[in-house]
Number of protein chains: 2
Amino acid sequence: MGATMHDVALIAGVSVKTVSNVINDYPHVRPVTRNRVLAAIAELGYRPNLTARGLRSGKTGIIGLAVPELRENYFAELADSVIRAAEKHGLGVLVEQTNGDRDTERLVISGARMHFTDGILFSPVGMGQADAPLLDVPFPLVLLGERIFNGPTDHVTMHNVSSAVATVEHLLSIGRRRIALVGAEGDDDSDASSWSLRTRGYRRALDQAGIPGNERLVRRTSHWNRAGGAAAIHEMVAEGQEFDAVFALNDALALGVLRGLQEVGLRVPEDVAVVGFDNVDESQYAVPSLTTVDPGREEIAATAVELLVERINEKGVKAPPRTVKADFHIVSRESTGAGPVPSPLVAATPRVELPT
Amino acid sequence: MGATMHDVALIAGVSVKTVSNVINDYPHVRPVTRNRVLAAIAELGYRPNLTARGLRSGKTGIIGLAVPELRENYFAELADSVIRAAEKHGLGVLVEQTNGDRDTERLVISGARMHFTDGILFSPVGMGQADAPLLDVPFPLVLLGERIFNGPTDHVTMHNVSSAVATVEHLLSIGRRRIALVGAEGDDDSDASSWSLRTRGYRRALDQAGIPGNERLVRRTSHWNRAGGAAAIHEMVAEGQEFDAVFALNDALALGVLRGLQEVGLRVPEDVAVVGFDNVDESQYAVPSLTTVDPGREEIAATAVELLVERINEKGVKAPPRTVKADFHIVSRESTGAGPVPSPLVAATPRVELPT
DNA sequence: CGCAGCATTTTCAACGTTGTAGAAGGGAAC
DNA sequence: GTTCCCTTCTACAACGTTGAAAATGCTGCG
């Protein structure tokens, strides 16, 4: 197919190593020689074979990103940010979809398909805390999300509890007292999943405000999508529950909540204020625009890539695993009564936490 | 880092080639030997080095996908489909973002960063028909979209004109006569861009119905996003234009149109029916749910991957470039009067899908 | 017993690149 | 003039794998 270094060397009348030296900016090459080589490269349209280079160097310049599904807005936007962050390090990103399926996730980190990559950013959804030992893999791996804590790898996550506290405080500050939570996944919020952590923040904020919790206002949903959010509203209304605010555990749920409220004739924010979580692009275009928690997606992506690059470059160093939590803020929009201009509200806390 | 074939050979007491033979299921290996090798592989946790394999074989098993931005729903969903299609062929997908920038797009197909891939799926937005010659690259390339036709490569695209005709016919069939178009990008629709083709379909359908076109109802927008769609509505209303339907050239615009209509107090679909284009996931959850053209994204992705795989595997064959257009259908939902429950629908060519 | 025919395994070279070692050439210092 | 150093360039080997071809050993048959 393409010309090789050998062809270039032949035309330029030098050794292949000299061609290599020119390409890699080795200092001791005479300008005359350099130009001759560059001319030959141009003439042949030569491009270095990255596979061969990768074999020599032991690196490919590619990192893997394993997420559930790109059609979920949050992960598409995360991938977008990761690709941009990786580009700054000169890295390409190979995207793998796990569908949130535990077996697929395990396959991905088994390295079965990922051996072309220098390391992997992994956002599990199907695997849980019990699978933590499986993360002890022989290649650089950075964990994203909330499914597994205190694993053997670096971990980038968000302030789930404190941002949920801040969210509820925001709702309290605009006078709401009967605040529903939409998106619980069970009755036991003692684990470290997103829903549990955010639910604990919700309960803590109510406690601190001296407001008695109402378990009828803590709604489970079959899925974290718009249908789930809308269904939760219909259920609560059918039961005759009274509420003046909804904290949805992600934006997709919140958008469904907005739809559900419209369908039952409740006004937002006059009758019910709504807050989501994730700050996906879409939230700012909803009707009304959606107040939401920006969990620091850009920062999460940039940090994750940086940690991975460090692990890749200092392979020998068996430094202890690090955990980083991104700063969050609440983006206040129409669904909680803010004007059309978004205004950041609450800011966050320390970033690096050492392993416990 | 990892164990090599050589290590396995040493432990199993065979040559490296025998290890290779076991791994590649070469038939003439004694079961005893095979088992010994497999045991050694298991013991060492050996994984073949794909880089070395790639160097030998000249292939990497990775294809590139170059799209504008993953945060645009359509491209996220396209990437999702492409990754799934590629997986069926045992291929990984390296995703590159061009931001729709012409120079970045040219860089991507120059092969500067993509040399690790066996071929590229390329969805240009910044480049245009004039850049067609640049697509004559020395590696397999499959073109997606409408920016460039009759180029030197395989091309997968959609039925822009006829699906736009069908869309307008759908609006006519429910009694609408003053149909606005939102998303034009200029006055000259003679080129082959998405907007031009769809706009020509719009005009043709009106012509065929004997309805005089009203250029005041053909609206340009700064961007194909929700803000652009909403702004177009506000402008038309401010100008006092009368219209009973809107054909938005993509779903993002259509969602903005829905918002704009609500803001000015027009009901959908009673006062104004709305149709979008793309059938992104989001469209089915809008309020009201959005009637839209499904341009056959799944089929486009699967076809594009297949064409690329063929080119990769028959590299010598300089077969003439092929063009494939995916089947489309119109998905009828609430924004044109379809109820939430499957109801009588207006047919479109060549297929119609019932609302979900 | 010798050899063809086959199953099994090995040796060798190659994919395209880069690190290591060192050779060739020129100039400065003695 | 000799020695030493510096610049510039080259030869060789190696990264881990696999195709081609050759080597080994066994079976059956004349």
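To find a chain, count down the sequence lines: A is the first, B the second, and so on, and within it residues start at 1.
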J.: Quick one: is C:dT9 close enough that its OP1 or OP2 comes under 4.0 Å of any side-chain N or O from B:Arg30?
T.: yes
J.: Scan A:Arg53 against the nucleic acid and name what it touches under 4.0 Å (heavy atoms): base, sugar-phosphate only, or nothing.
T.: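 The answer is sugar-phosphate, as A:Arg53 gets under 4.0 Å only of primed atoms, P, OP1 or OP2.
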J.: Check residues 35-51 of chain A and write down every donor-acceptor pair under 3.5 Å in which the side-chain atom is one partner and the other belongs to a residue at least two apart or another chain.
T.:
from, atom 1, to, atom 2, distance (Å)
A:Asn35, ND2, A:Pro31, O, 3.3
A:Arg36, NH1, A:Ala12, O, 2.6
A:Asn49, OD1, A:Thr51, N, 2.7
A:Asn49, OD1, A:Ala52, N, 2.9

J.: Going by heavy atoms in the side chains, are B:Val156 and B:Leu307 under 4.5 Å from each other?
T.: yes
J.: Across the strands shown, which category fits B:Asn24 at heavy-atom distances under 4.0 angstrom: base, sugar-phosphate, nothing?
T.: sugar-phosphate
J.: Between A:Glu146 and A:Ser194, is any side-chain donor less than 3.5 angstrom from a side-chain acceptor?
T.: yes
J.: Does the side-chain hydrogen bond (donor to acceptor under 3.5 Å, both in side chains) test come out yes or no for B:Thr60 and B:Asp118, once each step is laid out?
T.: CA-CA 6 Å; B:Thr60 60; B:Asp118 294 334; 3.1 Å; yes
J.: For A:Ser20 and for B:Gly13, find the nucleotide of DNA chain C with the closest heavy atom, then tell me which residue's nucleotide is more 5'.
T.: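 Counting from the 5' end, the first nearest nucleotide belongs to B:Gly13.
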J.: Need two values: the first and the last nucleotide of DNA chain D, 5' to 3', having an atom under 4.0 Å from any heavy-atom of chain B.
T.: D:dG16 to D:dA20
J.: Quick check: on DNA chain C, is the nucleotide nearest B:Leu55 upstream (toward 5') of the one nearest B:Thr33, or the reverse? Name the residue that is more 5'.
T.: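 Counting from the 5' end, the first nearest nucleotide belongs to B:Thr33.
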J.: Out of C:dT20, C:dT9, C:dA13, which nucleotide sits closest to the side chain of A:Lys17?
T.: C:dT20
J.: For A:Tyr46 and C:dT17, is the shortest distance between a side-chain N/O and OP1 or OP2 below 4.0 Å?
T.: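 Yes, A:Tyr46 has a side-chain N/O under 4.0 Å of OP1/OP2 on C:dT17.
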J.: When you match B:Ala52 and A:His28 each to their closest nucleotide on DNA chain D, which lands nearer the 5' end?
T.: A:His28
J.: Over how many whole Å does the gap from A:Tyr26 atom OH to C:dG22 atom C1' extend?
T.: 11 Å
J.: Hey, does B:Val324 have a side-chain heavy atom less than 4.5 Å from the side chain of B:His155?
T.: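 They are not in contact (no side-chain heavy atoms under 4.5 Å apart), so the answer is no.
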J.: Considering every strand and a 4.0 Å limit on heavy-atom distances, what is the contact class for B:Thr4: base, sugar-phosphate, or nothing?
T.: sugar-phosphate
J.: Going by heavy atoms in the side chains, are A:Thr157 and A:Phe149 under 4.5 Å from each other?
T.: yes
